Amino acid sequence: MAKTNLAGNNSGSLDLHGIKTSRDTMLGIIVRKFFKNKLAIFGGLFLVIIITAALLAPVIAPYSPSKQNLLLKLQPPNSEHWLGTDRFGRDVFSRLLYGARISLLVGFASVLGSITIGTFLGAVAGYVGGIVDAIIMRFVDIILSIPSIFLLITLVTIFKPGVDKLILIFALLGWTTTARLVRGEFLSLRSREFVLASKTIGTRTHTIIFSHILPNAMGPIIVSATLAVGYVILAESGLSYLGLGIQPPDASWGNMLQDAQNFTILLKSWWYPLAPGLMILLTVICFNFVGDGLRDALDPKINE
């Protein structure tokens, strides 16, 4: 009689605590590997705090972000205005919170759009191949051949700047990297045994693509999306700093820097540009930390 394995193993067999599936085991490995990365943990905690503060801005902010009081302009940090005031007497802390809402909204919404477009086109190109693959990849090459910053400035100049238009522009220009990444994953996975078995039993093409292959390619997509959010926030801040992004009176971290670029303000009121500049720096770095942590956690070649 065969002996029952009560000790359990890495493949997810029966153990003393019950039945453990291989999927649960893999998820546990990914979580453990991620939490071993101290920088990734720091980045994740910081981002959770920033996102929570942005969502609760109407509750946390002590003042309206657009409320002006010229009698209080360029006040240093004090008990009433924790991060001081700007040249119009507006509370910098309140504007920082509301600016986080816009900057994060542009980042997340743009990346969601670009990841959706890139994943769909990359999946089709990688799975179908042939002339379809050639057409999609040549279109990707054309977009990548144009310097992104000049293309961004041109499109933003043509269309009136705004949150919705920035999201659309970033989404339409940011999908190419994801498309190439997903295409490579599909080229590798489409010849696997489980895909060939699905074809043999007559499974529809879209089911094979989106139900069988795509879940196995999600790791690189998640890492790419995490890193892309930081890039979009940085690009939006740069455009807003140039006066081509979010327009006043709406607050974003970029246009707060643009408003503080006067040399006299920089010299005498250091706290004003410091707050948004520091938030941009820390947020982008923390997204990169989380992206690096996810990349290592999802890479099966890296041991625990």
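FYI, side chains are in, hydrogens and waters are out, and symmetry mates aren't considered; it's all heavy atoms of this structure. Just so you know, these numbers come straight off a predicted model, no measurement behind them.
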**Request:** Look at D259 together with R95 and state whether they make a salt bridge at an N to O cut-off of under 4.0 Å.
**Result:** no

**Request:** Specify whether W82 and F93 have parallel, tilted or perpendicular ring planes, treating 30° as the upper limit for parallel and 60° as the lower limit for perpendicular.
**Result:** tilted

**Message:** Counting only heavy atoms not in E80 (residues, nucleotides, ligands), do more than 12 fall under 6.0 Å from its CD?
**Reply:** no

**Message:** Check this for me: R101, atom CZ, are more than 12 non-hydrogen atoms of other residues, nucleotides or ligands nearer than 6.0 Å?
**Reply:** yes

**Side chain proximity check, L214 to I221, heavy atoms < 4.5 angstrom** = yes

**Request:** Compare all side-chain heavy atoms of V229 with those of T283 and state whether any distance is below 4.5 angstrom.
**Result:** no

**Request:** Determine whether D133 and V128 make a side-chain contact, defined as any pair of heavy atoms from C-beta on separated by less than 4.5 Å.
**Result:** no

**Message:** Other residues, nucleotides and ligands only: do more than 12 of their heavy atoms fall within 6.0 Å of CZ on F120?
**Reply:** no

**Item:** Min side-chain heavy-atom separation P77-L83 under 4.5 Å
**Value:** no

**Message:** Is there a side-chain contact between F88 and L70 in this structure, where contact means two heavy atoms from C-beta onward sitting under 4.5 Å apart?
**Reply:** yes

**Fill in**
Here the salt bridge (Lys or Arg N to Asp or Glu O under 4.0 Å) pairs for residues 241-255, sequence neighbours left out, are none

**Asked** Under a 4.5 Å cut-off applied to non-hydrogen side-chain atoms, are L121 and V140 in contact?
**Response** no

**Request:** Can you sort out the partners of F289 under ring-ring contact (aromatic ring centres under 6.0 Å, His included), two or more places apart, ordered by chain and number?
**Result:** none

